[in-house]
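Only one structure is covered here, and it is reproduced in the block below.
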Amino acid sequence: MKPSNTVLSSFGTTIFEVMSKLAIEHGAINLGQGFPDEDGPEDIRVLAANATAEGPNQYPPMMGLPELRQAVATHDYRFYGLSVNWQTDTLVTSGATEALAACLLGLLNPGDEVVLFEPLYDCYLPMVKLAGGIPKFVRLDPPHWTIDPEKLKSAFSDKTKLVLMNSPMNPTGKVFSVEELQQIADLVTAHDAYAICDEVYEHIIFGDRRHVPLMSLPGMGERTIRIASAGKTFSLTGWKVGYATGCADMIARISKAHQFLVFTTPPNLQKAVAFGLGKEDPFYEDLKQSMQSKRDLFRSGLERIGFETAECGGTYFLNADISSVGFDGTDEEFCRLITTEVGVAAVPFSAFYQSENAKQNFARFCFCKKDEVLEEAVEKLAGFFS
Ligand code: PMP
Ligand code: GLN
């Protein structure tokens, strides 16, 4: 057989699939792959079911159903004061994943440099490389994951085409500060580059902090794409409905890739998500409160056992230092051990690094699960490690 694509053949099966499979084989509580164990609002799901029964179920417009595009524009103004023209500045995608792919394929030429923050979400690097981009990493370190301005600056060059960032950030749980966003904005502007902002956890942010899109900073509207996803906002991760907002010129460029990748996204789901985005404030407040109390419940359980945990200001991921309970193997060994012997699955943190010296003393736990499930997981871990 002739060789397959050299970029893809250098990557194994995604860690989420690997750990979920192992969890199923061993009947372990799956705190590995990030998905809630309770489906999102029933009214949204019923609306999708009715839309399927009533139809039409044929190709919707390539850019998305007008009602969803309008809902995205209204949402972005409501939460961030962004003025978005739904007819030119929005695009509906098949999940945030497709939006990311469309941005990278639509904007990059081979040899263009892309600034990425490491640790990084698993699909970023393969996609950058498939589009011919050259990754330039900026390392963030626990426990606070703050950006070193010098390291950030030195990742940019004349060849920088774009920065790809994620706030709130998977896997760290970091929420970028306004000062950090400003540093990024200044460098992006100085290099006449673009910013692709993966903001899928925009509504899962804790305490008094509010999500600030990079796009809302002065001058960034014309060079930023903001990506969000119904999967996270409505706890419907299997739906794969995403949306991108950006100026007309950038949306036009990325829709060139979108038209050949998927062309469109299921109309019933788009209709239901359009309805969901209009939900009143208490819905959004509940999502945040509920995730925050799950974080607190799970974190205090882990800390009782003796695990030290890294800061988590958003997302549904908490990272625990495995060396703090005396485990001296790798994170991969730890995650396999707890999945097969303890009955709790997590994701090894080193899976989110590509350059040398990956952090190997953290395990990423996903806490968007029923309280009793989190309590059971803590009990199992306590039985083994205490
Ligand atoms: N970006 C990040 C940071 C994620 O954690 C995820 C996982 N859901 C995605 C993108 C993918 O989102 P979607 O399922 O909408 O494609
Ligand atoms: N975003 C989820 C996570 O970080 C997983 C998504 C996937 O399995 N591709 O766990």
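As the structure is a computational prediction, the values presented were derived from the model and not from experiment. In listed order, ligands and their atoms are each counted from 1. Note: hydrogens, waters and symmetry copies are ignored here, and every other heavy atom, side chains too, is used.
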**Message:** Looking only at protein heavy atoms, which one is nearest to atom 7 (C) of ligand 2, and what is the separation?
**Reply:** F16 CD1, 3.5 Å

**Fill in**
Counting heavy atoms under 4.0 Å, the part of K232 that contacts ligand 1 is side chain

**Prompt:** Using a heavy-atom cut-off of under 4.0 Å, does the side chain or the backbone of R364 touch ligand 2, or both, or neither?
**Reply:** side chain

**Message:** Does either side chain, that of D89 or that of T245, offer a donor lying less than 3.5 Å from an acceptor on the other one?
**Reply:** no

**Asked** Which option, Y243, Y124, Y121, W239, owns the non-hydrogen atom nearest atom 4 (C) of ligand 1?
**Response** Y121

**Message:** Using only atom types and a distance under 3.5 Å, with no angle test, would you say the side chain of S324 pairs donor to acceptor with the backbone of E308?
**Reply:** yes

**Request:** Establish whether V175 and V178 are linked, either directly or via other cluster members, by ILVMFWY side-chain heavy-atom contacts under 4.5 Å.
**Result:** no

**Message:** Do Q270 and T265 pair up side chain to side chain, a donor and an acceptor below 3.5 Å, judged on atom types alone?
**Reply:** no

**Message:** Counting only heavy atoms closer than 4.0 Å, does ligand 2 sit against the backbone of N170, its side chain, both, or neither?
**Reply:** side chain

**Prompt:** Mind checking whether Y121 has a heavy atom under 4.0 Å from ligand 2?
**Reply:** yes

**Message:** Check whether H258 reaches the backbone of I254 with its side chain - one donor and one acceptor, N or O, closer than 3.5 Å.
**Reply:** no

**Asked** Looking only at protein heavy atoms, which one is nearest to atom 12 (O) of ligand 1, and how far off is it?
**Response** A96 CB, 3.5 Å

**Request:** Check step by step if salt bridge (Lys or Arg N to Asp or Glu O under 4.0 Å) holds for K232 and E202.
**Result:** CA-CA 9 Å; K232 302 290 138 54; E202 61 184 330; over 6 Å; no

**Donor-acceptor contact present, side-chain T189 to main-chain A185, <3.5 Å** = yes

**Request:** Using a 4.0 Å heavy-atom threshold (strictly under), name the region of K240 that reaches ligand 1: side chain, backbone, both or neither.
**Result:** side chain

**Asked** Which protein heavy atom lies closest to atom 8 (O) of ligand 2, and at what distance to 0.1 Å?
**Response** Q33 NE2, 2.7 Å

**Request:** Report, in ascending order of atom number, the atoms of ligand 1 lying under 4.0 Å from any heavy atom of N166.
**Result:** 3 (C)

**For G95, atoms of ligand 1 separated by under 4.0 Å from a heavy atom** = 15 (O), 16 (O)

**Message:** With heavy-atom distances below 4.0 Å as the criterion, list the atoms of ligand 1 near N170.
**Reply:** 3 (C), 4 (C), 5 (O)

**Message:** I'd like to know if E17 contacts ligand 2, where contact means a heavy-atom distance under 4.0 Å to any ligand atom.
**Reply:** no

**Shortest heavy-atom approach to atom 16 (O) of ligand 1 - which of L236, D122, L120, T97** = T97

**Message:** At under 4.0 Å between heavy atoms, is it the side chain or the backbone of S229 that contacts ligand 1, or both, or neither?
**Reply:** side chain

**Request:** Describe, in one word, how the ring planes of Y316 and Y201 are oriented to each other, choosing from parallel (under 30°), tilted (30 to 60°) and perpendicular (over 60°).
**Result:** perpendicular

**Asked** Between E199 and S167, do the side chains contain an N or O donor and an N or O acceptor separated by less than 3.5 Å?
**Response** no

**Min heavy-atom dist Y201 to ligand 1 below 4.0 Å** = yes

**Message:** So that I know where these two stand, are F137 and F117 an aromatic pair - ring centroids less than 6.0 Å apart?
**Reply:** no

**Message:** Below 3.5 Å, N or O to N or O, backbone or side chain included: is there any such pair between F317 and ligand 2?
**Reply:** no

**Prompt:** Going by the atom numbers of ligand 1, which of them fall below 4.0 Å from some non-hydrogen atom of D198?
**Reply:** 1 (N), 2 (C), 3 (C), 10 (C)

**Prompt:** Are a donor atom and an acceptor atom from the side chains of T146 and E180 found within less than 3.5 Å of each other?
**Reply:** no

